[in-house]
Amino acid sequence: MALIVQKFGGTSVANTDNIKNVARRVKSEVEKGNQVVVVVSAMSGTTDQLIKWVNAVSSLNTKEEEAEHDVVVSSGEQVTSGLLALALRAIDVPAISMQAWQLPFYSDDMFRKARIEDIETGALTDALNKGLVVVVPGFQGITRSKRVTTLGRGGSDTSGVALAAALKAERCDIYTDVEGVYTSDPRVVTKARKLRKIAYEEMMEMASLGAKVLQLRSVEMAMKHKVRVQVLSSFSDKPGTLLVDEEEVMERRLITGVTYSRGEAQVTVTGIPDKPGIAAEIFGPLADAEINVDMIVQNISEASGNEKFTDMTFTVGKTDLDKALSSLKALKDKLKYRELITNDQVAKVSVVGVGMRSHAGLAQKMFKTLAEKGINIHVISTSEIKISVLISEEYLELALRALHTAYGLDEK
Ligand code: ADP
Ligand code: ASP
Ligand code: MG
C-alpha cells in the first residue's frame, strides 16, 4: 500500500460540480489500495475576494492586523476541505477534514507569507490507519502560540509538498487546470509544449521568474526532501510533468522555457552624484524597509562642472512601489537626486535553461529577437541559467511568442 498526496488547485475546486469531480479522482486512487491525503486550495477567486474585504476595512499597519488578515484569508480553504470530505462521504469514501490547528501544521509568525516549521503527523496517520482519507486545507498554518497563518499566494502547493515530505509519501500529485509544466504559459503562448520532465533547478528558476504553475517554495522543498512531484490536470487523464534531478532529463535542451511576470514596477532616480557608495545609500534603506530590489542598471554619467552625475534604474514588486517611493522621498536631502520617475506598465520576460552554463550566444539571440520586433529593453539582468529583460507591458505577448519561436520551443 502506498501513501499518495493529491493537491487540487482553485480551478479544480471552483464549484460543487468540480468538487464532486475531485472526489471521484480521489476515490479512484483509494480503489487502487492507496492511502490518500488530499490538500485543497480555496475555490478560484475566493482568496482574491477575501483579500479585498480585508483591504476595505484595514491598511494592515501592524503585525496584529496582519494576523487578522490571515484569519480571514485562510478561510477559503476551510470551506473546500469540508466540502470535499462531504463529497467523498457521499460516494462512500470515508473521509475527514483536518485543519492546520488540528494536525498541527506549524509555521513561523510571518503572517501573509509564513514559513513552515514542522508538521506533526501523528493524528493524521491515525486517521489514515483507520481507513480514512484525510483532507487538509492548503495555504494554512498555525504558530506555536496558536495564531492562524497563511503561506503566501499559491501556498497550497507548498502545503502539499511539505505534507508529502513529512509523511514520506510515495508521490505528490499537483492537480491544476493545465496538463503540466509547459515551455511557457500555455494560456498566452498557444504553441507552448508540455514537458514530460523538468529538473528541480529549472523549475525553481521558472517559478521564481513568474511561472505560477508551482509556488517557488514548493519546488525548493521538493528538491530538498526528494519528493516525487507530478504536475497534471484534474480535467483530463493525460500524463503530466515530473520533477526530477538534472541528470534524469533525457531530452537535452539548451533552453527550458520562457516566463514572464507582470508584478514589477520600474523606478529611476535621476541626477544623483556619481561617487563611491551611492548605490549603498539608495539600496540600504530599501533593504531596511524589506523591499526586494530585483533588476538594477546604472546609466553612464554626465559631467556638470567638476561633478559627475548619473541615473539609477531598478525594479521592485508593484505591491512595494509606494513603500519604496516613500523611502526614497525621505532620502531626497541626502541624495540630492533630481527626479524620481516610476513606470508600472512594465513586464519582465525571462529565458531559462541549464544549457546556458555551457553555451555562449543565447543572450544575444534574445536581444536580436526583441530588436527585430522593435521592442525596447529597459533593464537586463542575468544569472548562470537565465536572462531577464524588462520591457513595456504592451509588448509582453509579442515578446513571449517571438522568443518561444526563436529558441525553437514551438510545438511542432
Ligand atoms: P492552481 O489554482 O491549480 O494552483 P495556478 O493558477 O496557480 O493553478 O497555476 C496554473 C496556471 O499557471 C496555468 O493556468 C497557467 O496559466 C499558468 N502557467 C504559467 N506558466 C506556466 C507554465 N510554464 N506551464 C504551465 N502553466 C503555467
Ligand atoms: N488560495 C491561495 C491563493 O489563491 C493558495 C493557493 O491557491 O495555493 O493564493
Ligand atoms: Mg497555484
Side-chain angles (χ1 to χ4, degrees), residues 6-14 18 22 39-52 69-70 72-81 100 112-114 136-141 149-162 172-196 198 202-219 229-236 238 240-241 243 255-263 347-353 396-397 400 403-404 409 411:
Q6 296 183 303
K7 179 262 169 176
F8 293 91
T11 320
S12 310
V13 294
N18 288 6
V22 165
V39 174
V40 283
S41 288
M43 292 179 180
S44 61
T46 298
T47 308
D48 290 336
Q49 179 60 58
L50 293 168
I51 293 173
K52 273 193 202 139
H69 165 282
D70 284 6
V72 177
V73 173
S74 63
S75 66
E77 273 74 5
Q78 174 157 343
V79 172
T80 46
S81 64
R112 302 161 82 181
K113 46 176 186 296
V136 178
F139 189 48
Q140 287 191 1
T149 60
T150 61
L151 308 177
R153 297 307 304 268
S156 297
D157 297 329
T158 308
S159 309
V161 174
C172 179
D173 292 342
I174 308 258
Y175 286 91
T176 184
D177 55 5
V178 290
E179 283 173 16
V181 180
Y182 286 69
T183 47
S184 193
D185 185 343
R187 297 193 188 284
V188 182
V189 180
T190 45
K191 289 179 180 162
R193 204 151 36 85
K194 183 166 71 184
L195 300 165
R196 292 289 294 121
I198 184 166
E202 294 173 316
M203 190 63 236
M204 239 150 57
E205 204 71 35
M206 301 253 295
S208 79
L209 295 168
K212 68 163 181 165
V213 60
L214 286 177
Q215 196 198 35
L216 174 60
R217 281 184 191 171
S218 72
V219 189
V229 173
Q230 190 180 191
V231 180
L232 64 178
S233 167
S234 56
F235 302 99
S236 88
K238 303 246 177 71
T241 303
L243 265 56
I255 299 298
T256 314
V258 186
T259 62
Y260 67 93
S261 154
R262 298 179 198 265
K348 182 168 74 171
V349 177
S350 309
V351 173
V352 177
L396 176 59
E397 299 194 357
L400 286 172
L403 291 168
H404 200 269
L409 296 172
E411 179 84 90

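Computed from a predicted model, the values in this text were never measured in an experiment. When a residue number appears, it is its place in the shown sequence, counting from 1. In listed order, ligands and their atoms are each counted from 1.
- At the shortest separation from atom 6 (C) of ligand 2 among protein heavy atoms lies S156 OG, 3.3 Å.
- Defined by atom type and a distance below 3.5 Å, a donor-acceptor pair is missing between the side-chain atoms of D173 and Q6.
- For a threshold of 3.5 Å applied to N or O pairs, the pair formed by G210 and ligand 1 contains no separation below that value.
- The backbone N or O of G257 lies less than 3.5 Å from no partner atom in the side chain of S184, so there is not a single donor-acceptor pair.
- For atom 7 (O) of ligand 1, the closest heavy atom belonging to the protein is K212 O, 3.5 Å.
- In summary, the atoms of ligand 1 found under 4.0 Å from a heavy atom of V181, numbered by their order in the structure, are 24 (N).
- Polar contact with ligand 2: absent for D157 (N/O pair, distance under 3.5 Å).
- Ligand 2 lies within reach of G155, whose nearest heavy atom is under 4.0 Å from it.
- Here D157 does not pair with K212 in a salt bridge; the nearest charged N to carboxylate O distance is not below 4.0 Å.
- Nearest heavy-atom pair across E77 and F139 is OE1-CD2, 3.5 Å.
- Under a 3.5 Å cut-off, the side chain of S75 and the backbone N or O of V72 do form a donor-acceptor pair.
- One side chain, D70 or T150, offers a donor N or O that lies under 3.5 Å from an acceptor on the other.
- Around atom 3 (O) of ligand 1, the closest heavy atom drawn from I174, V258, D185, T176 belongs to T176.
- Polar contact with ligand 2: absent for G152 (N/O pair, distance under 3.5 Å).
- The N/O atoms of R187, backbone and side chain alike, include one that comes under 3.5 Å of an N/O atom in ligand 1.
- Contact between S41 and ligand 1 is absent, with no heavy atom of the residue lying under 4.0 Å from the ligand.
- Remark: ligand 1 and D157 share no N or O pair separated by less than 3.5 Å (distance only, no angle test).
- Taking a cut-off of under 4.0 Å to the non-hydrogen atoms of R153, the atoms of ligand 2 that pass are 3 (C), 4 (O), 9 (O).
- Note on ligand 2: G10 sits outside its first shell, no heavy atom being nearer than 4.0 Å.
- A pairwise comparison of heavy atoms in P186 and A192 identifies CA-CB, 4.1 Å as the closest pair.
- Between the side chain of R217 and the main chain of G155, no donor-acceptor pair closer than 3.5 Å is present.
- With respect to the salt-bridge test (charged N to carboxylate O, under 4.0 angstrom), the residues K191 and E411 do not qualify.
- Residue contacts with ligand 1: K7 is included, with a non-hydrogen atom under 4.0 Å away.
- At distances below 3.5 Å, at least one donor-acceptor pair connects side-chain atoms of T80 with backbone N or O atoms of S41.
- Numbered from 1 in the order shown, with element, the atoms of ligand 1 that lie under 4.0 Å from a heavy atom of P186 read 24 (N), 25 (C), 26 (N), 27 (C).
- Residue T183 has no N or O atom closer than 3.5 Å to an N or O atom of ligand 1.
- For the residue pair Q215 and T158, a side-chain donor N or O sits within less than 3.5 Å of a side-chain acceptor on the partner.
- Counting the atoms of ligand 1 from 1 in the order shown, those under 4.0 Å from a heavy atom of Y182 are 22 (C), 23 (N), 24 (N), 25 (C).
- Of all non-hydrogen atoms in Y260 and D185, the two that sit nearest each other are OH-OD2, 2.8 Å.
- Listed by atom number, the atoms of ligand 2 under 4.0 Å from S41 heavy atoms are 6 (C), 7 (O), 8 (O).
- When only non-hydrogen protein atoms are considered, atom 2 (O) of ligand 1 lies nearest to G10 N, 3.0 Å.
- The nearest heavy-atom contact from the protein to atom 13 (C) of ligand 1 is D177 OD1, 3.5 Å.
- Under the 4.0 angstrom criterion for non-hydrogen atoms, E77 is in contact with ligand 2.
- Under 4.0 Å is where a charged nitrogen must lie from a carboxylate oxygen, and between D177 and R187 at least one such pair does.
- Proximity of a side-chain donor or acceptor of Q140 to a complementary backbone N or O of A100 within less than 3.5 Å is detected.
- Proximity to A211 (heavy-atom distance under 4.0 Å) selects the following atoms of ligand 1: 20 (N).
- The single protein non-hydrogen atom nearest to atom 25 (C) of ligand 1 is G180 O, 3.3 Å, given as residue, atom name and distance.
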